[in-house]
Visitor: 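Before I ask anything, let me first share the structure, which is written out below as structure tokens.
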Amino acid sequence: MAADRVGAPPRAWQRMLSGRRLDLLDPSPLDIEISDIAHGLARVARWNGQTRGEHAFSVAQHSLLVEALFCDLVPAPSADARLAALLHDAPEYVIGDMISPFKSVMGGSYKDCELRLQRAIHLRFSLPPEPAATLRKEIKRADQIAAYFEATLLAGFSTAEATEFFGRPRGFNADRFDFTPRSVTSAQNAFLKRFSAIEKSRHQVPAPVIG
């Protein structure tokens, strides 16, 4: 390949199964497909794969969990807000799920790449490039609750450790949510099904008011 030649610039794009070529330095919304996102997230393991169960607990499952928790936290959230919650970790379909300690080591370069991808993903699905501060806070809270339960139920954290790093959620019963690690195919299909349901609600025309 040309990029292997001495002096050639390093390759900064990834070929997707959809046929798209996504440039990590300048990601275009036109090169982003939900099929690629679902495929990738279902194959990325949370907690570097250090979880109990026959299968890894994937980022696709985590995304579904966060969206479900978000809907519990926020009264009657809009379809756009639900989609933002579902896609909150979507860049990881390209860059993987780096654990927090490694993110700290990597510093700003990782966050810059993640932010470019997140903006492109949001534009691809007609969401604001930058979510409002309130929405970011609500999604982050749902993310922390998910992390606490994943840590204690799947990743071997003690309650004290999980409380220190994620805060102990109040008023949430873990039994109401699905923490069973699923197969890649199951997680991928569930993510696509939820995305389709949200998209359908986003494009529904309100019924006319009669009377």
Visitor: Measure up the H62 and H88 rings against each other and bin them: parallel (under 30°), tilted (30 to 60°), perpendicular (over 60°).
Guide: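 It falls in the tilted class, 30° to 60°.
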Visitor: Residues two or more places apart in sequence or in another chain: which of them pass side-chain hydrogen bond (donor to acceptor under 3.5 Å, both in side chains) with E130?
Guide: R119
Visitor: Under a 4.0 Å N-O cut-off, is there an ion pair linking R20 with D36?
Guide: no
Visitor: Which atom pair, heavy atoms only, marks the closest approach of A142 to L69?
Guide: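 Scanning both residues completely, I find the closest heavy atoms to be O-CD1, 3.6 Å.
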Visitor: Applying side-chain hydrogen bond (donor to acceptor under 3.5 Å, both in side chains), can you list everything that pairs with D31, at least two apart in sequence or on another chain?
Guide: none
Visitor: How close do P181 and A56 get, heavy atom to heavy atom, and via which atoms?
Guide: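 Looking at all heavy atoms of both residues, the shortest contact is CB-O, 3.8 Å.
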Visitor: Could you check if a side-chain atom of D23 sits within less than 4.5 angstrom of a side-chain atom of S28, using non-hydrogen atoms only?
Guide: no
Visitor: Roughly how far, to the nearest 0.5 Å, is the CD1 atom of I198 from the NE2 atom of H203?
Guide: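 The NE2 atom of H203 sits 12.0 Å away from the CD1 atom of I198.
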Visitor: State whether R116 and D26 are salt-bridged, where the test is any N-O pair (Lys NZ or Arg NE/NH1/NH2 against Asp/Glu carboxylate O) under 4.0 Å.
Guide: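 So R116 does not pair with D26 through a salt bridge.
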Visitor: Main chain of H39, side chain of R43: is a donor-acceptor contact present, judged purely on distance under 3.5 Å?
Guide: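 Present.
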Visitor: Please give me the minimum heavy-atom distance between A90 and I37, naming the atom from each residue.
Guide: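 Nearest heavy atoms, A90 then I37: CB-CG2, 4.2 Å.
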Visitor: Side-chain contact test, heavy atoms from C-beta onward, threshold under 4.5 Å: evaluate it for L73 versus F172 and give yes or no.
Guide: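 The answer is yes; the side chains approach within 4.5 Å.
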Visitor: Would a distance-only check, ignoring hydrogens and angles, find a side-chain to backbone donor-acceptor pair under 3.5 Å from S186 to R182?
Guide: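 Absent.
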Visitor: Could you tell me which non-hydrogen atom of A120 sits nearest to which non-hydrogen atom of P27, and how far apart they are?
Guide: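 Looking at all heavy atoms of both residues, the closest pair is CB-O, 3.7 Å.
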Visitor: Taking side-chain hydrogen bond (donor to acceptor under 3.5 Å, both in side chains) as the test, write out the residues that go with Q61, two or more places apart.
Guide: none
Visitor: Check each of L117, L123, I121 against I32 using the side chain to side chain contact (heavy atoms under 4.5 Å, CB included) test, and report the only one that passes.
Guide: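 Between I32 and the candidates, side chain to side chain contact (heavy atoms under 4.5 Å, CB included) is satisfied uniquely by I121.
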Visitor: Considering only heavy atoms from C-beta outward, does the side chain of L22 approach that of Y93 to under 4.5 Å?
Guide: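 Answer yes - side chains close enough.
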Visitor: Nearest heavy-atom pair of V66 and A146: which atoms, and what distance?
Guide: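 Taking every non-hydrogen atom into account, CG2-CB, 3.8 Å.
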Visitor: Just to verify, what does F157 make a ring pair (Phe, Tyr, Trp, His ring centres under 6.0 Å) with, not counting sequence neighbours?
Guide: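 For F157, the residues satisfying ring pair (Phe, Tyr, Trp, His ring centres under 6.0 Å) (neighbours in sequence not counted) are W47.
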Visitor: Report the C-alpha separation of D143 and F70 in whole Å, then their side-chain angles, then the decisive distance to 0.1 Å, and conclude whether the side-chain contact (heavy atoms from CB on, under 4.5 Å) test is met.
Guide: CA-CA 8 Å; D143 194 22; F70 172 78; over 6 Å; no
Visitor: Tell me which pairs pass side-chain hydrogen bond (donor to acceptor under 3.5 Å, both in side chains) where either residue lies in residues 50-60, with sequence neighbours left out.
Guide: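 Qualifying pairs, neighbours excluded: none.
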Visitor: Going by side-chain hydrogen bond (donor to acceptor under 3.5 Å, both in side chains), name the residues that satisfy it together with E138, two or more places apart in sequence or in a different chain.
Guide: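 Expected list: none.
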Visitor: Would you say F191 and I34 make side-chain contact, with heavy atoms under 4.5 Å?
Guide: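 Answer yes - side chains close enough.
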Visitor: Is the shortest side-chain heavy-atom distance between Q188 and S183 below 4.5 Å?
Guide: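 No, side chains not in contact.
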Visitor: Apply side-chain contact (heavy atoms from CB on, under 4.5 Å) to the pair L41 and D89, showing each step before the final yes or no.
Guide: CA-CA 9 Å; L41 294 186; D89 275 343; 5.5 Å; no
Visitor: State whether the side chain of R136 and the backbone N or O of P131 hold a donor-acceptor pair below 3.5 Å, judged by distance alone.
Guide: yes
Visitor: Can you see which heavy atom on T152 is nearest to which on S158, and at what distance?
Guide: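 Heavy atoms of T152 and S158 come nearest at CG2-O, 4.1 Å.
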Visitor: Please determine, by modelled atom types, if R82 and S201 share a side-chain donor-acceptor pair under 3.5 angstrom.
Guide: yes
Visitor: Run the numbers on F149 and F179 for side-chain contact (heavy atoms from CB on, under 4.5 Å), then give the verdict.
Guide: CA-CA 8 Å; F149 284 131; F179 293 92; 3.3 Å; yes
